[in-house]
There are 2 protein chains.
Amino acid sequence: MPRPRSLTHDQLASAALAVIDRDGLAGLSMRAVAKELGMSTMGLYRYVDEREELERLVVECVLGAVDTEPPPPEAPWGERIEIMVRRLRDTLSAHPAVVPLTVAHRHRSPGVLRWSETVLAILIEAGFEGERRVVALRSLLAYVIGALQLAHLGPLSGDGTVAISALRPTEFPHMAETARQARNVGADDEFFGGLAALMRGLNT
Amino acid sequence: MPRPRSLTHDQLASAALAVIDRDGLAGLSMRAVAKELGMSTMGLYRYVDEREELERLVVECVLGAVDTEPPPPEAPWGERIEIMVRRLRDTLSAHPAVVPLTVAHRHRSPGVLRWSETVLAILIEAGFEGERRVVALRSLLAYVIGALQLAHLGPLSGDGTVAISALRPTEFPHMAETARQARNVGADDEFFGGLAALMRGLNT
DNA sequence: ACCTGAACACCGTTCAAGT
DNA sequence: ACCTGAACACCGTTCAAGT
């Protein structure tokens, strides 16, 4: 990759993010980003080797913004983990269409690494060792990733829930009734309700 | 959509699944599936209106195979839920590349609806009502979806973990050490360890 | 009426041609 | 040396033309 000339990686990622926020992840293309920047399509290849690298830049741009400062140490460790998870969720919620990219490129993101480092410090302080610590970190990540995708692609407040509540009660009685109740569950109650359960379970 | 002539939806989905299993999700295209079936590309449009409908058929084909019979009622409810989650995981693990499609199209899959119906019956019997029941079902789904994607795209046994364990210990000491321990954690221990935690938390 | 191949508007990426 | 537009091999989908 030759030296960039006039654009920073952040400007490039911001342009891609603008395309994604406007046209969705499906609208992301080298041509669209180039047009957004007012340059030729091939000009992008001065900054990235391939489209995948552009995606990595987007992920880094989004996740690099997450606050990874250790939360106030006087709070119980469970609350501190919750604070960290809330920060990650807030960061990703600003660009929900990016979540699938995040899953694929999370490895190379310094933001996620710093976030994980802070979470691990809290877990270690709370006495998590060996496999138990590994499982705790991975299950927290799995929950956040899964819950955000569920919330983005099929929110409880959306028409998927309405459709389920209209299913034939003879065939899906529990689903129909539960879906009716689900319409009154807010996105925050859903997310933090599940997180609280996971946290309780990790603690015992 | 005109009447299908010689192919069933299942044959169509199987051909698409064969393409995905061979070339990955990125290899799925109308042209590739048509070639797999030895027909013209446009012939597919006799069976589906658009590519998205083909994807729905694939999801239904995979998830339709999940065993949704209620587990033995003499087992504790927690164990029965775990059995149901294990079945869903086993079904999806046979075609991990399909998981992202599953997230997007899960609403219309009768397989997922039947699975959820059985899980809800167990939750109701265990005394879950209202929001608590909604949160339990959604968090289980979120965990399964997130954990499977994590396991497929970045397994603990993979080179992502190796790369993390090689990070500069001055900057990421906890990550490096935890990654070294993570290499000895099997995929099953990881998945069911996290699931057990979530289940404990939902129970209290 | 049924089927299909050419065509259109896209895509990522290569590469030669122009400055 | 630097940049770029044409070109190549794809993609989903429309539509006219052929049977």
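Just so we're on the same page: letters track the sequence lines, and every chain starts at 1.
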Side-chain N,O (A/Ser29) to OP1/OP2 (C/dC11) below 4.0 Å: yes
Figure out the CG/P separation between A/Leu28 and C/dG12, and round it to whole Å. 7 Å
Reckon B/Met30 touches a base, only the sugar-phosphate, or nothing at all at heavy-atom distances under 4.0 Å? sugar-phosphate
Scanning all shown strands, the Watson-Crick or wobble mate of D/dC10 with both distances under 3.5 Å is none
Report yes or no: is the cationic atom of A/Arg114 (NZ for Lys, CZ for Arg) under 6.0 Å from the centre of the six-membered ring of B/Phe172, at an angle within 45° of the ring normal? no
Rounding to an integer number of Å, can you tell me how far A/Met39 CE sits from D/dT4 C1'? 12 Å
Between OH of B/Tyr47 and C1' of C/dT4 the distance, given in whole Å, is 14 Å
Can you figure out which of C/dC11, C/dG5, D/dT4 approaches the side chain of A/Arg31 most closely? C/dC11
Mind calculating the distance between CG (A/Asp49) and P (C/dG12) to the nearest angstrom? 15 Å
What is the separation between atom CE on A/Met42 and atom P on C/dA17, rounded to the nearest whole Å? 16 Å
So, B/Thr41 versus B/Arg31: side-chain donor-acceptor pair below 3.5 Å or not? no
Interatomic spacing from CD in A/Glu79 to CE in A/Met199 - rounded to 0.5 Å: 10.0 Å
For the P atoms, the ones on D/dT13 and on C/dC2, what distance do you get once it is rounded to whole angstrom? 22 Å
Between C1' on D/dC11 and CG on B/Leu25, what's the gap in Å once rounded to a whole number? 14 Å
From C/dT13, D/dC15, D/dG12, nucleotide with atom closest to B/Arg51 side chain: D/dG12
Would B/Arg89 and B/Phe191 count as a cation-pi pair here, with the cationic atom under 6.0 angstrom from the ring centre and within 45° of the axis? yes
Would you mind pulling out the nucleotide paired to D/dC15, Watson-Crick or G-U wobble, both distances under 3.5 Å? C/dG5
Look at A/Glu60 together with A/Arg56 and state whether they make a salt bridge at an N to O cut-off of under 4.0 Å. no
Are any of B/Arg46's side-chain N or O atoms less than 4.0 Å away from OP1 or OP2 of C/dC3? yes
Protein-nucleotide distance (A/Leu54, atom CG; C/dG12, atom P), rounded to Å: 9 Å
A/Leu44 CG to C/dG12 P, straight-line distance once rounded to whole Å: 10 Å
